[in-house]
Amino acid sequence: RQIKSQILPDGCPNTDVFAYGLAGDPVNNPASFAYPGHTFVAFKNRPVKVAYVHNQMPAQHLFPIDRTFMCGPTAKNCSPDVRTVVHLHGGYAPSDSDGFPEAWGGSDGSVGLHFNPEYTYPNNQDAMDLWYHDHAWGLTRLNVYAGLAGFYIVRQPRETTLQSLNLLPRYPFDIPIVIQDRSFFPNGSLAYPDAPFTSPRLMNTAFGTVFVVNGKAWPKSLHEPRKYRMRFLNGCNSRFLNLRFVSTSTSSPTTLPVWWIAADHGFLNAPIDMTGKPILLGPAERGDLVVDFSAAKPGEQFMLTNDAATPYPYGTAPAAGSSMAQVILFKVQKPLTSSIPDALAPPAQLRTNPRLVPSNLAGIKVRQLMLFDSFDAAHIRIKRTLGSPQTGGVGFTAPITENIALGATEIWEIYNPTGESHPMHIHQVAFMAIDRHDIKYITNNPLNVTLGPTAYAFNPEELGEKDTIRVPPSQVVRLYMKFTLPGLYVWHCHILEHEEYDMMRPLCVGGNCPTAWQHE
């Protein structure tokens with residue numbers, strides 16, 4: 001539904017947003033409809049069924065709609081203006097519950113080609129931080145910017161055991177934190193960044209001018225002098241985050257101990273000491289941290305800062321002290337709750353079943369894939385596509401080229417000859433990073449490529465199981481994955497403005513998918 005939310009500080013106008021909630025509840029019941037969406041807590045191997053109701057949305061979108069890039073051979077995909085479909089990002093869901101971009105439901109009761117009225121989430125995965133967000137083709141960037149996103153946390157006995165042993169912080173000291181960037185008009189309404197062009201227009205990227213954390217702009221958070229678990233999600237449309245905890249004290253500032261304990265798909269094999277180090281997250285990546293405030297002086301404040309360039313990594317970094325360099329202020333001024341002891345440091349071993357790439361990869365199918373940029377002269381914008389050295393860049397509606405056998409294990413080599421980093425997301429799989437190299441061009445043909453001789457180190461947290469990984473410019477990333485669910489899925493860049501034009505491709509697992517793309 002469309003609701004009003006107090007995103008800006010008290011005394012400022014409310015903001016109209018799109019929100020998820022319980023069908024049938026009053027529109028402005030904050031216990032149901034909220035921005036961001038409420039955090040769901042699921043348990044391993046306890047399935048959940050959800051019926052999504054779409055016809056309670058308004059007929060008109062919050063933002064002007066660019067109809068020049070996703071209408072297809074007929075106008076059906078441009079109507080109605082408000083269409084939504086939910087994707088559980090990182091979930092092992094059947095294809096009809098994955099949120100395929102053309103499985104939307106419309107505000108007028110119309111539905112897309114692959115619409116399914118009821119979704120099933122098996123939750124047959126380890127403890128991890130997932131998130132749900134809109135995935136409607138041609139509107140994802142606008143619907144997410146309007147508010148359609150929220151956390152979905154899976155728990156399992158291993159996690160609760162660590163909490164019961166006081167080796168991990170537990171509620172209320174276990175906090176999901178979604179970071180987004182937004183811009184606002186003076187009347188409090190959301191401004192989808194579109195300068196210097198006149199709306200409606202698909203932007204190459206969208207960078208807001210204000211950080212919004214858990215639905216609040218310029219937030220401050222009060223804390224006890226103890227350890228907290230902070231489950232960070234980069235929920236920005238286009239912005240990378242490079243985060244640090246920095247004391248604002250001018251006299252003997254405290255350096256907070258920080259451990260990275262889990263990546264996209266659950267616990268790392270062992271915690272990583274990130275004390276004094278940056279926390280780099282591309283759009284859609286999650287960083288699950290333990291942050292220790294116990295040594296902080298009473299009243300000491302810590303700013304979570306950001307210095308990631310836009311676009312990343314060769315753009316302009318925010319100036320120190322500017323709005324986009326300051327994310328959230330943590331104030332250590334609450335008394336310690338004596339009834340709940342402070343957690344110990346994270347254990348040396350987080351997983352009882354360590355995740356490792358096999359040492360012998362011989363005989364595994366290698367699939368070469370590539371990212372492309374081209375110029376759309378008719379609309380004065382960059383068109384980004386996916387493809388392979390064999391196909392070149394192709395759009396979302398081109399025939400399926402990633403046809404994968406059910407149960408197949410593959411190595412994907414993703415080549416990025418473009419000038420910016422792309423967070424690549426593959427639906428249904430949890431992959432492991434093998435290595436990262438420069439790109440070697442065998443001939444003068446830019447499509448004749450192989451792994452270059454220079455290898456680049458992954459950040460330690462990138463070696464856990466993931467569903468989204470950064471592919472830096474002029475590099476190739478190799479990923480190890482297994483496809484265990486049949487049906488139609490997608491893979492794409494998670495910079496939402498890239499995904500929609502046109503850096504998203506379907507993939508078919510196990511056959512029984514159209515050989516020619518069935519586009520409406």
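Owing to the predicted nature of the structure, the values given are computational and were not obtained by experimental measurement. Atoms considered below: every heavy atom in the structure, side chains included; atoms not considered: hydrogens, waters and symmetry mates.
A side-chain donor from one of Thr209 and Ser183 sits under 3.5 Å from a side-chain acceptor of the other. Between the side chains of Asp467 and His265, at least one donor N or O lies within less than 3.5 Å of an accepting N or O. Side chain to side chain, Thr140 and His87 fail the donor-acceptor criterion of an N or O pair below 3.5 Å. Side-chain contact, Asp98 with Gln428: no donor N or O sits under 3.5 Å from an acceptor N or O.
For Lys297, the NZ atom is densely surrounded, since the number of other residues' heavy atoms within 6.0 Å is greater than 12.
Classified by interplanar angle (parallel below 30°, tilted 30° to 60°, perpendicular above 60°), the ring pair His494/His89 is perpendicular. Below 30°, between 30° and 60°, or above 60°: for Tyr20 and Tyr132 the angle between ring planes is between 30° and 60°, a tilted geometry.
In terms of the side-chain hydrogen bond (donor to acceptor under 3.5 Å, both in side chains) criterion, Trp260 has no residue partners (sequence neighbours excluded). Residues forming a salt bridge (Lys or Arg N to Asp or Glu O under 4.0 Å) with Arg239 (at least two apart in sequence, or on another chain): Asp181. Qualifying salt bridge (Lys or Arg N to Asp or Glu O under 4.0 Å) partners for Asp129, counting only residues two or more places apart in sequence or in other chains: Arg231. With sequence neighbours excluded, the residues satisfying salt bridge (Lys or Arg N to Asp or Glu O under 4.0 Å) with Asp342 are Lys227.
Aromatic rings of Phe483 and Tyr489 (six-membered ring for Trp) have centroids beyond the 6.0 Å cut-off, not under it. Here Phe245 and Phe330 bring their ring centres to under 6.0 angstrom of each other. Between His427 and His492, the distance separating the two ring centers is shorter than 6.0 angstrom.
Residue pairs that meet the side-chain hydrogen bond (donor to acceptor under 3.5 Å, both in side chains) test with at least one member in residues 319-333, sequence neighbours left out, do not exist here.
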* Asked: Run the side-chain hydrogen bond (donor to acceptor under 3.5 Å, both in side chains) check on Ser249 and Glu300 step by step: do they pass?
  -> CA-CA 7 Å; Ser249 174; Glu300 190 169 6; 4.6 Å; no

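The shortest side-chain heavy-atom distance between Thr205 and Thr310 does not fall under the 4.5 Å cut-off. Two residues are said to be in side-chain contact when any heavy atoms from C-beta on lie closer than 4.5 Å; Val477 and Pro472 meet this criterion.
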Please tabulate, one pair per line, all N/O donor-acceptor pairs under 3.5 Å involving side-chain atoms of residues 148-155, not counting sequence neighbours.
unit_1	atom_1	unit_2	atom_2	d
Tyr152	OH	Asn123	OD1	2.8
Tyr152	OH	Asn123	ND2	3.3
Arg155	NH1	Glu159	OE1	3.4

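Shown are Tyr480, Trp491, Phe431; of these, the ring pair (Phe, Tyr, Trp, His ring centres under 6.0 Å) with Trp412 is made only by Trp491.
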